[in-house]
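For ligands, and for the atoms within them, numbers begin at 1 and follow the listed sequence.
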Amino acid sequence: MNPILKTLGLSDENPGGFDGQWVGGGRMQTVTSPIDGQPLATVANVTPQAFEAILAKSHAAFQTWRLVPAPKRGEVVKALGDELRKHKAALAELVTLEMGKTLREGLGEVQEMIDICDFAVGLSRQLYGLTMPSERKQHRLQEQWHPLGVVGVITAFNFPVAVWSWNTALALVCGDTVLWKPSSKTPLTAIACTKIAEKVLRGFGFDPAICSLAIGRGSDIGDLINTDPRVALVSYTGSVSGGRHVGSLVQQRFGRHILELGGNGAVIVSDKADLDIALRSIYFGAIGTSGQRCTSTRRVIVQESVLPAFRERLLELYRKTPIGDPRENQYLMGPLVDQEAVDTMLAAIATVKAQGGKVLHGGEKLAPPSVLAGGCYVTPCLVEVPGNLDIVKEETFAPVLYLMPYRTIEEAIALQNDVSQGLSSAIITNDQRESELFLSAAGSDCGLANVNTGTSGAEIGGAFGGEKETGGGRESGSDAWKAYMRRQTSAINFSGKVELAQGITLDI
Ligand code: NAD
């Protein structure tokens with residue numbers, strides 16, 4: 001067994017459910033590393049019966065957790081952040097082993113967990129409600145925010161720990177309990193995080209079922225979460241097709257959902273851009289996490305007069321991309337998560353060629369000895385296209401970057417918006433009129449719109465999420481916490497008589 005697993009309390013065989021006790025009993029799953037295809041450990045998925053017990057305990061834990069004062073809940077989240085600080089290196093290594101992103105990005109992901117805990121601790125004293133002037137004499141109108149219930153957190157493979165923490169840190173200070181169903185591709189990191197949360201909750205004498213876990217397939221365990229009214233909020237991160245399914249099931253029972261779905265990030269490079277900034281931002285955005293971020297840069301829309309120079313310089317970077325074992329610092333790009341991801345990438349490249357795109361670089365699967373045997377390594381692909389071809393409008397979750405020209409800034413913004421996803425966008429320009437237009441109501445239609453920095457690498461302080469088929473959800477910073485609470489409006493009468501609103505009289 002890899003020693004890092006032991007450091008995080010994992011074994012060769014791990015139960016995949018937690019409701020205060022560790023439970024398994026279902027299908028055994030062998031988890032392999034995308035780095036070299038070697039087995040890491042096995043995980044016992046939960047059965048529907050075990051899931052029922054997990055949900056029941058999470059629901060029961062909510063009844064008491066919601067009554068704990070929010071600043072006290074904040075103390076628990078502070079301790080969670082401290083525990084994550086202690087385990088930062090080990091957890092980042094496990095993220096890299098199980099998911100394949102570079103260790104420096106794994107460290108960044110765990111840092112994001114720590115940051116959101118810090119944010120949530122402050123938030124625990126700021127769950128403000130408004131008071132409003134009443135239209136009636138000697139009346140007061142106020143809003144309060146109350147805990148919501150069990151939050152079902154369903155996560156994607158590509159941010160196997162950060163997305164849980166964004167949801168969990170907020171849900172906990174808001175007085176909710178969390179039931180996590182991670183991606184079946186990354187169950188070990190989920191077990192490691194849950195063990196950390198368990199230790200913290202036990203240390204305070206709280207019910208550890210406040211942070212529960214149910215590992216299993218989306219089609220069985222996921223659907224149990226989607227359809228059960230005891231799950232007050234389903235926070236789902238994943239593909240657009242998955243989100244469409246989850247969203248409609250949750251909506252049918254009038255549950256709440258936060259949908260964080262696919263993106264198709266674009267960067268506009270103006271002829272008034274600093275090309276160094278453009279190159280660095282776009283290169284990281286396209287090859288970071290091997291193009292497997294929801295905010296990855298997938299399209300570059302370049303003003304035609306600077307396109308030739310920009311193309312050459314970007315190609316230079318692409319040609320020397322260091323690809324290899326993501327645990328080693330010299331490599332900027334590790335493997336894709338699995339063979340299916342490689343096949344999807346190769347199919348997209350074949351399609352774009354057929355639709356009129358010209359491959360300028362890359363797009364091949366790498367084989368030993370240049371990379372480790374058993375891993376899914378590819379070269380990043382740069383493709384020149386005349387505009388948004390059909391395949392360009394799709395999110396291919398791989399390092400494929402489409403380069404296209406534009407003439408006017410209005411045309412560039414129209415190209416940027418002409419896709420069904422609306423997550424992340426950016427403009428690189430030193431012209432304030434261009435950047436302001438990009439940020440205006442007539443500009444980018446995305447949830448994230450950056451100026452002189454790329455599409456990926458969001459900070460936790462802002463609300464994160466996107467429009468259109470990205471699902472409309474927001475999580476992380478700003479006032480995203482409101483989705484994790486229920487709002488109650490109260491009219492309080494201290495006049496000693498009854499006065500109706502809108503001047504309605506009652507003659508009795
Ligand atoms: P995926 O859709 O294959 O899986 C996501 C999660 O959904 C997994 O936990 C999976 O088990 C679960 N699932 C599958 N069927 C389900 C069902 N019927 N009910 C409930 N859950 C079900 O996505 P993936 O390949 O793991 O991740 C990549 C996708 O996620 C990309 O589209 C990416 O853009 C998106 N993503 C979005 C964000 C964001 O914040 N917008 C962040 C990360 C990833």
Distance-only side-chain donor-acceptor flag, Thr455 / Ser424, under 3.5 Å
no
For atom 40 (O) of ligand 1, grab the closest protein heavy atom and report residue, atom and distance to one decimal in Å.
Phe464 CE2, 3.1 Å
Run the numbers for me: atoms of ligand 1, each under 4.0 Å from some heavy atom of Ile154, listed by number.
6 (C), 7 (O), 9 (O), 12 (C), 20 (C), 21 (N)
Is it the case that the side chain of Thr186 and the backbone of Pro182 share a donor-acceptor pair, with hydrogens and angles ignored and the cut-off at 3.5 Å?
no
If only side-chain N and O atoms count, and only distance matters, is there a donor-acceptor pair under 3.5 Å linking Ser33 with Gln38?
no
Kindly confirm or rule out an N or O of Glu475 lying under 3.5 angstrom from an N or O of ligand 1.
no
Tell me the protein heavy atom at minimum distance from atom 3 (O) of ligand 1, and give that distance in Å.
Ser239 OG, 4.5 Å
Heavy atom under 4.0 Å from ligand 1: found in Glu395's side chain, backbone, both, or neither?
side chain
Could you tell me, atom by atom, which parts of ligand 1 come under 4.0 Å of a heavy atom of Asn158?
43 (C), 44 (C)
Atom 33 (C) of ligand 1 - nearest protein heavy atom and its distance
Phe397 CE1, 3.3 Å
Can you tell me the protein heavy atom closest to atom 15 (N) of ligand 1 and the distance?
Gly218 CA, 3.5 Å
The option among Gly222, Ala341, Ala190, Gly238 carrying the non-hydrogen atom nearest to atom 35 (C) of ligand 1 is Gly238
Between Glu93 and Arg327, does any side-chain N to carboxylate O distance fall below 4.0 Å?
no
Any idea which protein heavy atom is nearest atom 5 (C) of ligand 1, and the distance to it?
Thr237 O, 3.5 Å
Taking the side chain as everything from C-beta on, heavy atoms only, tell me whether Cys381 gets closer than 4.5 Å to His361.
no
Any idea which atoms of ligand 1 are less than 4.0 Å away from a heavy-atom of His245?
17 (C), 18 (N)
Non-hydrogen side-chain atoms of Asp325 and Ile35 separated by less than 4.5 Å:
yes
Between ligand 1 and Ser183, can you find any atom pair, the residue atom being a heavy atom, that is separated by under 4.0 Å?
yes
At a 4.0 Å threshold, what atoms of ligand 1 neighbour a non-hydrogen atom of Val246?
19 (N), 20 (C)
Heavy atoms, side chains only, cut-off 4.5 Å: are Thr30 and Pro39 in contact?
yes
Counting only heavy atoms not in Gln126, do more than 12 sit closer than 6.0 Å to its CD atom?
yes
Just distances here: any N/O of Trp166 and N/O of ligand 1 closer than 3.5 Å?
no
Are side-chain N/O atoms of Asp223 and His245 paired as donor and acceptor at under 3.5 Å?
yes
Taking 4.0 angstrom as the limit and counting only heavy atoms of Asp223, give me the atoms of ligand 1 inside it, by number and element.
17 (C), 18 (N), 19 (N)
If you have a sec, work out which protein heavy atom is nearest atom 10 (C) of ligand 1 and how many Å separate them, to one decimal?
Lys181 NZ, 3.8 Å
Once you restrict to heavy atoms under 4.0 Å, what part of Leu261 touches ligand 1? Side chain, backbone, both or neither.
backbone
Test of understanding: given a 4.0 Å heavy-atom threshold, classify the contact between Arg293 and ligand 1 as side chain, backbone, both, or neither.
neither
Between Pro182 and ligand 1, which residue portion shows a heavy-atom distance shorter than 4.0 Å: side chain, backbone, both, or neither?
backbone
Among protein heavy atoms, which sits nearest to atom 9 (O) of ligand 1, and what does the distance come to when rounded to 0.1 Å?
Thr155 O, 2.7 Å
Whether the Trp180 and Thr155 side chains hold a donor-acceptor pair (N or O, under 3.5 Å, no angle test) is what I'd like checked.
yes
May I ask you to test the Val31-Thr42 pair for a side-chain heavy-atom distance under 4.5 Å?
no
Is a donor from one side chain sitting under 3.5 angstrom from an acceptor on the other, for Gln111 and Lys88?
yes
Nearest-contact summary for atom 24 (P) of ligand 1 - protein heavy atom, Å:
Phe157 CD2, 3.7 Å
Do Ser184 and Phe157 have side chains that get closer than 4.5 Å, going by heavy atoms?
no
